[in-house]
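When reading the values below, keep in mind they use all heavy atoms of this one structure, side chains included, and skip hydrogens, waters and symmetry mates.
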Amino acid sequence: MNKVTKLLVVGALTVAGQQAQAITIELDYSYDANNFFADSSRRDVLSSAAGFFENRINDSLAAINSSGGNSFNAHFFNPATDSSTAINDFSVGVDTLRVFAGGRNLGGSTLGQGGPGGYGVSGSSSFVNSAVSRGQGNGTSSAVKGETATDFASWGGAITFDTNTSWYFDSDVSTVESFSGNDFYSVALHELAHLLGFGISDSWDNQVVLSSKGTTSESGVFNGTDSSLENGSPIPLHKGGSGTPEDPYSYSHWADGTMSLVDGVSQETAMDPLIITGTRKYMTDLDMAGLSDIGWEVSAVPVPAAVYFFGSALLGLGAFRKKIK
């Protein structure tokens, strides 16, 4: 039995709670040829961002073990070169996602890019089905396409960050001080959420409703149950792309300026497409509802209100909005 899926990437954004970790995000810097993460303090901030999701997602993911006649080939875009890369006979542990991280010059105002990996797989039916869905069932986006997808799981993927950006790497993300530059922690959260399928999985796409489809006035809203309940109505989406066949419209972010709550305090969502320099964005209630709607089992973890309140206050500062894909 053979199966292949296309490689998805979205281009160009916590504080960990105390509950037992349900998944592990394994950060791999073996393709960081431009040495963006040579400084361990940068790796520490990315680990903190990964830790937020590790403490909020409770899915059980089956291991992928390539051996004998069972082969899983992981496909992803090299974070240092943007070239399509494959690792044959790839394996990843139970409840684990592998994330290849690095940096390169992304150009323009883009701060980061991230997305889940693709794959080629062959072997027994049981191996193929388990590897493709990570044990999440037939509704998993990586296993089925289109309107039948209700869940999402992958082996992981790749994220990359702009090497020409003036970054702020916070040594203690449990507090927020006044700073200049672009907050790496915020961008890391944003890109990891895309890697988890936010905005680009089939289970996301089948909950996007378009109006004036195929025209320049085309617009979209997301009508996922949890997100709509959190927002009070379906959520307007940002229209990306030029609309040409080579660059079709995409709806992978909340509309710019979409607001939600973090620990009861209003904040611009982490998953809209822009961020103001000198500010931090946490994942809001609406952002997490979006992950829930595409199939992740999301838990609530209390975080000290003072941390989020100060972070929210900083959103009024800064003069330039940068793109996060």
Is it true that [X] and [Y] have ring centroids separated by less than 6.0 Å?
X      : Y      : result
Phe222 : Tyr251 : no
Trp204 : Trp254 : yes
Trp155 : Phe90  : yes

Taking the side chain from [X] and the backbone from [Y], do they hold a donor-acceptor pair closer than 3.5 Å?
X      : Y      : result
Lys239 : Thr216 : yes
Glu218 : Tyr249 : no
Asp247 : Ser242 : yes
Ser133 : Asn129 : yes
Asn206 : Thr148 : no
Arg43  : Phe37  : yes
Asp287 : Ala270 : yes
Gln136 : Ser60  : yes
Ser227 : Gly224 : no
Asp28  : Ser30  : yes

Whether the [X] and [Y] side chains hold a donor-acceptor pair (N or O, under 3.5 Å, no angle test) is what I'd like checked.
X      : Y      : result
Thr258 : Asp272 : no
Ser41  : Asp44  : no
Thr165 : Asn182 : no
Ser219 : Ser211 : yes
Asn105 : Thr163 : no

Margin query: If you apply the rule side chain to side chain donor-acceptor pair (under 3.5 Å), what do you find for Asp89 with Ser71, and how did you get there?
Written below: CA-CA 5 Å; Asp89 295 323; Ser71 178; 2.7 Å; yes
If every non-hydrogen atom of [X] is compared with every non-hydrogen atom of [Y], which pair is closest and at what distance?
X      : Y      : answer
Ala153 : Thr140 : N-CG2, 3.3 Å
Asp162 : Phe36  : O-CE1, 3.8 Å
Gly103 : Asp32  : N-OD1, 3.5 Å
Ser299 : Asn55  : OG-O, 3.8 Å
Asp285 : Ser260 : N-OG, 3.8 Å
Tyr31  : Asn78  : CD2-ND2, 3.4 Å

Notebook entry, point to check: Cation over ring, Arg42 on Phe184, under 6.0 Å and within 45°?
Noted result: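 The answer is no; the distance or angle limit is not met.
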Margin query: Run the side chain to side chain contact (heavy atoms under 4.5 Å, CB included) test on Ile87 and Phe76 for me, step by step, so that the C-alpha distance in whole Å, both residues' side-chain angles and the decisive distance to 0.1 Å come before the verdict.
Written below: CA-CA 9 Å; Ile87 300 177; Phe76 58 97; 3.8 Å; yes
Next item on the list: Using the rule that two of Ile, Leu, Val, Met, Phe, Trp, Tyr join whenever any of their side-chain heavy atoms come within less than 4.5 Å, decide whether Phe169 and Tyr29 are in one cluster.
Entry: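 Shared cluster, yes.
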Notebook entry, point to check: Is the shortest heavy-atom distance from the side chain of Val121 to the side chain of Phe127 under 4.5 Å?
Noted result: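 Yes; the side chains approach each other to less than 4.5 Å.
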Item checked: Parallel, tilted or perpendicular: rings of His194 and Phe198 (30°, 60°) ->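 Perpendicular.
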To the nearest 0.5 Å, tell me how far [X] [atom1] sits from [Y] [atom2].
X      : Y      : atom1 : atom2 : result
Glu26  : Thr96  : CD    : OG1   : 6.0 Å
Met271 : Met288 : CE    : CE    : 10.5 Å
Asn34  : Phe161 : CG    : CZ    : 14.0 Å

Item checked: Stepwise side chain to side chain contact (heavy atoms under 4.5 Å, CB included) test for Leu97 and Arg134 -> CA-CA 10 Å; Leu97 297 168; Arg134 299 299 305 270; 4.0 Å; yes
Margin query: Using side chain to side chain contact (heavy atoms under 4.5 Å, CB included), reason through Trp167 and Val45 one step at a time and then give a plain yes or no.
Written below: CA-CA 12 Å; Trp167 291 106; Val45 182; over 6 Å; no
Margin query: Determine whether Asp95 and Thr24 satisfy the following criterion, side chain to side chain contact (heavy atoms under 4.5 Å, CB included), listing intermediate values before the conclusion.
Written below: CA-CA 6 Å; Asp95 296 335; Thr24 296; 5.9 Å; no
Item checked: Partner of Pro234 by side-chain contact (heavy atoms from CB on, under 4.5 Å), out of Val208, Asn223, Val209 ->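 Exactly one candidate clears the test, Asn223.
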